[in-house]
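Report on the following structure.
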Amino acid sequence: MSEGRIETTGEDVARFETVIIGGGQAGLAVGHYLRDRGGSFVILEANGHVGDSWRNRWDSLLLFTPARINGLPGMRFPAPGGEFVGKDAMADFLETYAERFRLPVRAGVRVDRLSRDQNGFVVSAGDQRFEAENVVVAMANYQDAQPPVFVGELDPGIVQMHSFEYRNPSQLQDGGVLIVGAGNSGADIGIEVSRDHRTWMAGKESAHIPFRIETAIARFVLLRIVRFVGQHVLTVRTPMGRKLRPKFLASAAPLVRVKPKDLVAAGIERVGRVEGVKDGLPQLDDGRTLDVSNVIWCTGFRPGFSWIDLPVFDERGDPEHERGVVGSQPGLYFVGLKFLYAATSDTITGVGRDAKRVANHIAGNGQR
């Protein structure tokens, strides 16, 4: 693949036929397919290295899917098929993938505005400017941490952090820990910190997958069935998929590795919703306050697309598209969104299909 025509001026402007924003699995998969179709493109990655979005998560994080289904188009994951690998192994895989296919990634480039003028799309990143006929936004719906508005009212002596800041229990001080949020992040982190700290978990109990993913039958049979359903049955093309899609978009994913009984066995005390702060302590919906020394906000993320200065969002702030193609802005695409086409669209096991369709659309649009 040749980078093709690149025009630069004194204003540090570069022109490509396609700019991909995001160098994670979604952006790399799109890049892989664009290489086969010719045309100049660049992948802009905000982090310093490909894979850092995985490296910067908590130390003990393991993927929920075995290695056999963690590959990307053109490259298998280099681990035994039934193994659940850690986040650093996934980060290294993405970096190797970009190197193997010689994908033109520019790391450390954080996009702060996407707009359009009479010549096409304009991507701004600090003092850098990229112009393109096509732009692929390759990232998940939720990018910005969403702690409650009252976090600043907690006693300053309490150590508090969002789940994206948590790495391991050494960041915590002696005393109790309150985990706010009962999803997968909260459950995984809660199990870990409960080994050395009295731990409370606030939030509504989540649904959970009714089997242990580590068992042989799960790794070699059940997870394959789950993936098939998520990839081919729960899609925007099936009645069942269209019916369930709004529920998928509005609710958290079920617990995968940790089960509710595991939380009980770990001695984690379940409490109600945290509704505010009283006397510097977190206050629950039953009026109680918890005298804790640490709070970890596992409260999820909200859409992080405020930098897109184009009228492509619905009333909830979600991009309006058809399988990643934005009809109102020809040449604009999304890949990596939750249930973009199927229930697996935002996972490493499902992103390749959406990436291929978008790359084909770019090649067939005459936008080359």
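Quick note: numbers below take in every heavy atom, side chains included, and nothing from hydrogens, waters or symmetry partners.
Salt-bridge formation is detected for the pair Asp262/Arg212: a Lys NZ or Arg NE/NH1/NH2 atom is positioned less than 4.0 Å from an Asp or Glu carboxylate oxygen. We find that Asp318 and Arg316 are joined by a salt bridge, their nearest charged nitrogen and carboxylate oxygen being less than 4.0 Å apart.
Just one residue in the list His162, Glu165, Gln160 forms a side-chain hydrogen bond (donor to acceptor under 3.5 Å, both in side chains) with Trp297, and that residue is Gln160. The residue from Val137, Ile21, Val358 that alone fulfils the side chain to side chain contact (heavy atoms under 4.5 Å, CB included) condition with Phe334 is Val137.
Between the side chains of Gln231 and Thr344, at least one donor N or O lies within less than 3.5 Å of an accepting N or O. A donor-acceptor pair shorter than 3.5 Å can be found between the side chains of Glu192 and Ser60. For the residue pair Asn360 / Arg37, a side-chain donor-acceptor distance below 3.5 Å is found, with atom types taken as modelled. Residues Arg116 and Gln329 have side chains that bring a donor and an acceptor to within less than 3.5 angstrom of each other. Side-chain atoms of Asp112 and Ser124 include no donor-acceptor pair closer than 3.5 Å. Under 3.5 Å, the side chains of Trp54 and Glu95 contain no donor-acceptor pair of N or O atoms.
Side chain of Arg57 to backbone of Asp88: no donor-acceptor contact under 3.5 angstrom is found.
Between His321 and Tyr341, a ring centre-to-centre spacing not shorter than 6.0 Å is recorded. Taking the six-membered ring wherever Trp is involved, the centroid distance between the rings of Phe41 and Phe16 does not fall below 6.0 Å.
To the nearest 0.5 Å, the span separating CD1 on Ile348 from CZ on Phe93 amounts to 6.0 Å.
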